[in-house]
Participant: 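Sharing a structure below in structure tokens format, with a few things to ask.
Predicted, not measured: the structure shown is a model, and the values here were computed from it. Residue numbers run from 1 in the order of the sequence given.
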Amino acid sequence: TLTGNPMLSVDTKKKEDIGDNIKEGSCYSTGQINGPDHTYSSLNTGKAIPHGIYDIQHNQAYLNIGRNHETAESVVDSLVLWWNYHGIRLYPKANKLLLLFDAGGANSYRHHIFKLELQRLANTIGMEIMIKHYPSYASKWNPIEHRVFPHIARVIKGVFIKSINQFMGLASRAKTKTGLTVDVCQMKNEYEIGKRATEEDVKRCNINFSETLPKWNYSVSPAF
């Protein structure tokens, strides 16, 4: 049964090199595909950083493609993009947002900067955000890992990905018999790595840590 509040599984898929380089696997083709049989970094023209958001209730995936780095800021920008273009329409009566994350990476529960960015997200969308991190080595239970990413990997298998637009077109073809579709969008911003926040910054955030496993379970409310 659908509720009035979104439940999102969130993660970043493996970065994909863009350029005339070998791709593992095989694919259907109308003719011979010519290209190198090894990977040469000199042939890369960029990379795609696919940040995924899976709406569990609607069985709908969203892939926001970044261009340079995955950071806490890019993760939150991706979620803001989802809310502005999809969430506000799908959940007009929402008053809470549940987010499921892995324990590491740009959305690590250890990083102060990630909590600071979550405060920005709560302030931007104007509602409480409930955060659940999967423990270390348990990320395979995050729904997006087995309900979305394998289908994206399937459609790009064996294909020479020579542009961001080509990657986006391929990823948007991922679908399943149970109704999953993938909406793909490109993020234009570039992100700087190495930004940090302090424990004092986190103390100024409007965060409520759960009594049960508080490092992995907490909520962030708007603080205007």
Side-chain angles (χ1 to χ4, degrees), residues 6-18 46-55 61-88 94 96-134 136 139 142 144-145 148-149 152 164 167-168 171 183-209 215-224:
M7 295 185 291
L8 305 178
S9 172
V10 183
D11 196 15
T12 299
K13 191 182 179 303
K14 181 178 75 72
K15 300 174 180 65
E16 296 290 341
D17 289 330
I18 303 298
K47 60 183 174 180
I49 304 176
H51 185 256
I53 299 171
Y54 176 51
D55 184 343
Y62 304 87
L63 207 63
N64 295 323
I65 311 298
R67 297 189 297 173
N68 59 342
H69 301 292
E70 178 199 5
T71 66
E73 184 181 6
S74 72
V75 169
V76 166
D77 279 354
S78 177
L79 287 162
V80 170
L81 192 66
W82 173 83
W83 175 254
N84 287 339
Y85 283 92
H86 306 285
I88 201 168
K96 288 183 181 180
L97 173 61
L98 172 62
L99 300 177
L100 307 178
F101 290 106
D102 293 346
N107 46 239
S108 172
Y109 69 92
R110 296 186 180 93
H111 294 170
H112 297 323
I113 188 66
F114 179 57
K115 292 184 174 64
L116 199 63
E117 286 296 321
L118 287 174
Q119 184 65 69
R120 176 168 71 90
L121 176 61
N123 292 348
T124 300
I125 69 176
M127 71 175 69
E128 180 185 3
I129 301 168
M130 302 173 66
I131 310 298
K132 308 292 180 184
H133 289 277
Y134 286 86
S136 302
S139 62
N142 197 349
I144 196 171
E145 292 282 356
V148 178
F149 288 164
I152 294 174
I164 290 282
F167 177 79
M168 292 173 63
D183 186 283
V184 186
C185 179
Q186 185 175 359
M187 298 174 67
K188 301 295 185 181
N189 292 344
E190 295 191 359
Y191 296 94
E192 178 185 344
I193 58 175
K195 288 187 177 181
R196 299 184 181 278
T198 66
E199 192 172 341
E200 291 301 315
D201 292 326
V202 174
K203 286 180 179 178
R204 287 193 290 271
C205 294
N206 194 7
I207 299 179
N208 180 37
F209 291 93
K215 65 180 179 179
W216 291 326
N217 300 286
Y218 51 92
S219 63
V220 185
S221 298
F224 298 105

Participant: How far does CG of Leu99 sit from CG of Asn107, to the nearest 0.5 angstrom?
Facilitator: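 If I round to the nearest 0.5 Å, the distance is 10.0 Å.
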Participant: Identify the heavy atoms of Gly66 and Met187 that sit nearest to each other, and give their distance.
Facilitator: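 The pair with the smallest heavy-atom distance is CA-CB, 4.4 Å.
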Participant: Mind checking whether Tyr218 and His133 have ring centres under 6.0 Å apart?
Facilitator: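 Distance test on ring centres: under 6.0 Å, yes.
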Participant: Could you check if a side-chain atom of Ile164 sits within less than 4.5 angstrom of a side-chain atom of Met168, using non-hydrogen atoms only?
Facilitator: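 The answer is yes, as the side chains (C-beta and beyond) meet within the 4.5 Å cut-off.
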Participant: Contact between Val220 and Cys205 at the side-chain level, heavy atoms closer than 4.5 Å - yes or no?
Facilitator: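 SC-SC contact between Val220 and Cys205 ruled out.
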Participant: Any side-chain heavy atom of Phe149 sitting closer than 4.5 Å to one from Asp11?
Facilitator: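 Yes, at least one pair of side-chain atoms sits under 4.5 Å.
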Participant: Hey, could you give me the NZ/CD1 distance between Lys13 and Ile65, rounded to the nearest 0.5 Å?
Facilitator: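 Rounded to the nearest 0.5 Å, the NZ-CD1 separation comes to 9.5 Å.
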Participant: Who pairs with Asn217 by side-chain hydrogen bond (donor to acceptor under 3.5 Å, both in side chains), at least two apart in sequence or on another chain?
Facilitator: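 Partners of Asn217 under the side-chain hydrogen bond (donor to acceptor under 3.5 Å, both in side chains) test: none.
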Participant: For a 4.5 angstrom cut-off between non-hydrogen side-chain atoms, does Arg196 reach His112?
Facilitator: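 Answer no - side chains too far apart.
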Participant: Trp216 vs Tyr109 aromatic rings, parallel, tilted or perpendicular, using cut-offs 30° and 60°?
Facilitator: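 Answer is perpendicular, since the angle exceeds 60°.
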Participant: Please check: side-chain N/O of Gln119 versus main-chain N/O of Asn206, any donor-acceptor pairing under 3.5 Å?
Facilitator: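 It does hold such a pair.
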Participant: Flag yes if more than 12 heavy atoms outside Lys96 fall under 6.0 Å of its NZ atom; otherwise flag no.
Facilitator: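 Count not over threshold, so no.
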Participant: So Asp201 and Thr198, side chain to side chain donor-acceptor pair (under 3.5 Å) or not? Walk me through it.
Facilitator: CA-CA 5 Å; Asp201 292 326; Thr198 66; 3.2 Å; yes
Participant: Counting distance only, does the side-chain N/O of Asn68 pair as donor-acceptor with the main-chain N or O of Glu190 below 3.5 Å?
Facilitator: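 Judged by distance alone, no pair lies under 3.5 Å.
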Participant: Going by side chain to side chain contact (heavy atoms under 4.5 Å, CB included), Trp83 matches just one of Ile125, Leu8, Leu121. Which one?
Facilitator: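 It is Ile125, the one option of Ile125, Leu8, Leu121 that forms the side chain to side chain contact (heavy atoms under 4.5 Å, CB included) with Trp83.
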Participant: Could you give the distance from NZ (Lys14) to CD1 (Ile152), rounded to the nearest 0.5 Å?
Facilitator: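 It is 12.0 Å, given to the nearest 0.5 Å.
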Participant: What pair of heavy atoms forms the shortest contact from Tyr134 to Ala103, and how long is it?
Facilitator: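 Minimum heavy-atom separation between Tyr134 and Ala103: O-CB, 3.1 Å.
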Participant: Step by step, would you call Asn208 with Ser221 a side chain to side chain contact (heavy atoms under 4.5 Å, CB included)?
Facilitator: CA-CA 8 Å; Asn208 180 37; Ser221 298; over 6 Å; no
Participant: Can Ser74 and Thr71 be said to form a side chain to side chain contact (heavy atoms under 4.5 Å, CB included), step by step?
Facilitator: CA-CA 5 Å; Ser74 72; Thr71 66; 3.7 Å; yes
Participant: Evaluate side chain to side chain contact (heavy atoms under 4.5 Å, CB included) for Leu63 paired with Asp183, printing each intermediate quantity in order.
Facilitator: CA-CA 6 Å; Leu63 207 63; Asp183 186 283; over 6 Å; no
Participant: For Phe209, does the CZ atom sit with more than 12 other heavy atoms under 6.0 Å from it, leaving out its own atoms?
Facilitator: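 It does: Phe209 CZ has more than 12 such atoms within range.
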Participant: Taking the inter-plane angle between the rings of Phe114 and Phe101 on a 0 to 90° scale, is it parallel (under 30°), tilted (30 to 60°) or perpendicular (over 60°)?
Facilitator: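 Perpendicular: the ring planes of Phe114 and Phe101 meet at over 60°.
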Participant: With rounding to the nearest 0.5 Å, note down the distance linking CG in Leu100 to OG in Ser9.
Facilitator: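 Here the rounded value is 5.5 Å.
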Participant: What pairs meet the salt bridge (Lys or Arg N to Asp or Glu O under 4.0 Å) rule with one or both residues in residues 101-119, with sequence neighbours excluded?
Facilitator: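 For residues 101-119: Glu117-Arg120.
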Participant: Where is the tightest heavy-atom contact between Asn123 and Pro222, given as atom of each residue plus distance?
Facilitator: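 Distance-wise, the nearest heavy atoms are OD1-CA, 3.3 Å.
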Participant: Who pairs with Tyr191 by ring pair (Phe, Tyr, Trp, His ring centres under 6.0 Å), at least two apart in sequence or on another chain?
Facilitator: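 Ring pair (Phe, Tyr, Trp, His ring centres under 6.0 Å) check on Tyr191 returns nothing, list empty.
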Participant: Evaluate the criterion side chain to side chain contact (heavy atoms under 4.5 Å, CB included) for residue pair Ser219 and Ile131; output intermediate values, then yes/no.
Facilitator: CA-CA 6 Å; Ser219 63; Ile131 310 298; over 6 Å; no
Participant: Could you tell me the separation between the CD1 atom of Ile129 and the OG1 atom of Thr124, rounded to the nearest 0.5 Å?
Facilitator: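 OG1 of Thr124 is found 8.5 Å from CD1 of Ile129.
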Participant: Calculate, to the nearest 0.5 Å, the distance between atoms CE and CG belonging to Met130 and Leu97 respectively.
Facilitator: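 Interatomic distance, Met130 CE to Leu97 CG, rounded to 0.5 Å: 10.0 Å.
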Participant: Taking the basic N atoms (NZ, or NE/NH1/NH2) and the acidic carboxylate oxygens, is any pair closer than 4.0 Å for Glu16 and Lys47?
Facilitator: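 No, no charged N to carboxylate O under 4.0 Å.
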